[in-house]
Peer 1: 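My questions all concern the structure below.
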Amino acid sequence: MNKTVEVLPDQPTLVARALELILSKLDTAIEQRGRFTIALSGGSTPKPLYEAIANQKLPWDKINVFWGDERYVPPDHPDSNELMTRRAWLDRVDIPAANIHPVPTLEANPELAAAKYEQHLKEFFNSSGVEFPALDLVLLGMGDDAHTASLFPHTEALKVRDRLVTVGNKDGNPRISFTYPFINSALSVIFLVAGANKRPALAQVFAPVADDFAYPSRLIRPQGELWWLLDAAAGSELQH
Ligand code: 6PG
């Protein structure tokens, strides 16, 4: 794993740097493999980034969008990551519907939704035999409890190592989430973290020794590239 940490002065420059990095990886992937596969995070931090991506002129037919985690709510629910992403980005560009791969949250239960998403991913990557297919890029956020995707501290989801997708749990609310081994199979992982409220969690995630199950973002150690893009509010005093 090669890890890069960049601290940007503020959120607009953080978003601009994230956009630049994503576009660079997109160009490389399409040049080398004819397509770009990206898994998105939810929450509030990435929204301006998604709006900025929508303003780019890109080969949308070569771009495939997944979600690294999703709340177990219908796609028109205000908490839906898919809804946020469609409004900020996907509804504003002519990306083929077949290139958008939402989590099937209308399934009867979260376990079924996770299993169906995993099956879809395996079929998309035609990954029979390959245990963990490699996305070009997984974009992650980090909560102030050091969770990422929907891998929350001290939850069963952190123990799942033989699946691509599992059921996370936030305060009793089910979430659908990539597992950390699947995230770690990506060619690149970018954390986008902003705000002073994330400082304590970042200190634990970057500490030489700490409990991975207490600070789940510590589990993200991809064999490819790991990027931490932080604003100064979150990362100006981080020892890295
Ligand atoms: C989600 C996200 C989650 C998010 C963090 C940070 O579904 O909420 O995937 O993991 O990235 O909670 O959220 P903020 O960007 O809102 O701080």
Side-chain angles (χ1 to χ4, degrees), residues 8 10-12 14-15 17-19 22 38-53 65-90 101-105 110 113-114 117 135 137-155 157-158 160 164-180 182-184 186 189-202 204-205 212-220 226-235:
L8 287 303
D10 52 32
Q11 282 202 293
L14 175 67
V15 167
R17 176 61 180 134
L19 177 66
I22 291 168
I38 182 172
L40 303 176
S41 68
S44 56
T45 306
K47 190 166 176 288
L49 170 61
Y50 299 160
E51 290 164 348
I53 295 174
V65 175
F66 302 82
W67 279 266
D69 75 312
E70 183 57 277
R71 293 81 184 275
Y72 181 62
V73 294
D76 60 355
H77 188 284
D79 289 349
S80 165
N81 288 335
E82 175 188 351
L83 182 65
M84 180 274 282
T85 312
R86 285 185 184 277
R87 284 179 173 161
W89 166 13
L90 300 175
H101 308 267
V103 178
T105 55
Y117 203 41
L135 280 134
L137 176 59
V138 174
L139 183 65
L140 296 173
M142 187 194 74
D144 57 13
D145 60 356
H147 84 263
T148 190
S150 283
L151 303 170
F152 289 89
H154 303 300
T155 57
L158 301 180
V160 179
L164 306 186
V165 184
T166 191
V167 177
N169 182 307
K170 176 179 184 176
D171 308 331
N173 297 311
R175 303 272 192 99
I176 313 303
S177 181
F178 282 7
T179 62
Y180 79 85
F182 181 38
I183 293 171
N184 285 339
V189 175
I190 297 176
F191 273 98
L192 196 64
V193 182
N197 65 315
K198 306 293 175 80
R199 281 174 186 267
L202 279 171
Q204 292 294 339
V205 171
D212 289 356
F213 276 17
Y215 306 103
S217 291
R218 292 178 62 87
L219 292 166
I220 305 307
L226 176 58
W227 295 78
W228 285 88
L229 301 184
L230 313 171
D231 72 352

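These figures come from a predicted structure and were not determined experimentally. First listed ligand is number 1; within each ligand, the first listed atom is number 1.
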Peer 1: N/O to N/O below 3.5 Å, does that happen between His147 and ligand 1?
Peer 2: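 Yes, at least one N or O pair falls under 3.5 Å.
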Peer 1: Would you say the side chain of Tyr117 lies within less than 4.5 Å of the side chain of Pro104, judging by non-hydrogen atoms?
Peer 2: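 Heavy-atom side-chain distance check passes, below 4.5 Å.
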Peer 1: Does the side chain of Leu226 reach to within under 4.5 Å of the side chain of Phe191, using non-hydrogen atoms?
Peer 2: yes
Peer 1: Is there at least one pair of N or O atoms, one from Ser41 and one from ligand 1, spaced under 3.5 Å apart?
Peer 2: no
Peer 1: Is there any N or O on Gly143 that sits under 3.5 Å from an N or O of ligand 1?
Peer 2: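 No: no nitrogen or oxygen of Gly143 is under 3.5 Å from one in ligand 1.
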Peer 1: Tell me the protein heavy atom at minimum distance from atom 6 (C) of ligand 1, and give that distance in Å.
Peer 2: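 Protein heavy atom with the smallest distance to atom 6 (C) of ligand 1: Met142 O, 3.6 Å.
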Peer 1: Could you tell me whether a side-chain N or O of Thr45 sits under 3.5 Å from a main-chain N or O of Val193, the two making a donor and an acceptor?
Peer 2: no
Peer 1: What protein heavy atom sits nearest atom 8 (O) of ligand 1, and how far away is it?
Peer 2: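 Residue, atom and distance for the closest contact: Arg71 NH2, 2.7 Å.
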Peer 1: Is it the case that the side chain of Tyr180 and the backbone of Ala157 share a donor-acceptor pair, with hydrogens and angles ignored and the cut-off at 3.5 Å?
Peer 2: no
Peer 1: Give a yes/no verdict on whether any heavy atom in Glu70 is under 4.0 Å from an atom of ligand 1.
Peer 2: no
Peer 1: Asp69 to ligand 1: N or O pair under 3.5 Å?
Peer 2: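 Yes; at least one N/O pair falls below 3.5 Å.
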Peer 1: Given Leu49 and Ile22, is the side chain to side chain contact (heavy atoms under 4.5 Å, CB included) satisfied, shown in steps?
Peer 2: CA-CA 10 Å; Leu49 170 61; Ile22 291 168; 3.7 Å; yes
Peer 1: Quick one: does any side-chain atom of Asp231 pair with a main-chain N or O of Gly195 as donor and acceptor, under 3.5 Å?
Peer 2: yes
Peer 1: Check the angle between the aromatic planes of Trp89 and Tyr50 and answer parallel, tilted or perpendicular using the 30° and 60° thresholds.
Peer 2: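 Correct class here is tilted.
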Peer 1: Find all atoms of ligand 1 within a distance of less than 4.0 Å from any non-hydrogen atom belonging to Ser44, and give their numbers and elements.
Peer 2: 14 (P), 15 (O), 16 (O)
Peer 1: Kindly indicate whether the side chain of Pro75, heavy atoms from C-beta on, has any atom under 4.5 Å from the side chain of Thr105.
Peer 2: yes
Peer 1: Using a 4.0 Å cut-off to any heavy atom of Arg175, which atoms of ligand 1 qualify?
Peer 2: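 The list of qualifying atoms is 1 (C), 7 (O), 8 (O).
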Peer 1: Given Gly43, Ala149, Gly141, identify the one with the heavy atom nearest to atom 10 (O) of ligand 1.
Peer 2: Ala149
Peer 1: What protein heavy atom sits nearest atom 17 (O) of ligand 1, and how far off is it?
Peer 2: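 The closest heavy atom on the protein side is Lys198 NZ, 2.7 Å.
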Peer 1: What heavy-atom pair brings Ile183 and Ala149 nearest, and what distance separates the two atoms?
Peer 2: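 Looking at all heavy atoms of both residues, the closest pair is CD1-CB, 4.3 Å.
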Peer 1: For atom 15 (O) of ligand 1, what's the nearest protein heavy atom and its distance?
Peer 2: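 Atom 15 (O) of ligand 1 sits closest to the protein heavy atom Thr45 OG1, 2.6 Å.
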Peer 1: Tell me the contacting part of Asn81 for ligand 1: side chain, backbone, both, or neither, using a 4.0 Å heavy-atom threshold, strictly below.
Peer 2: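 It is the side chain that gets close, since no backbone atom is under 4.0 Å.
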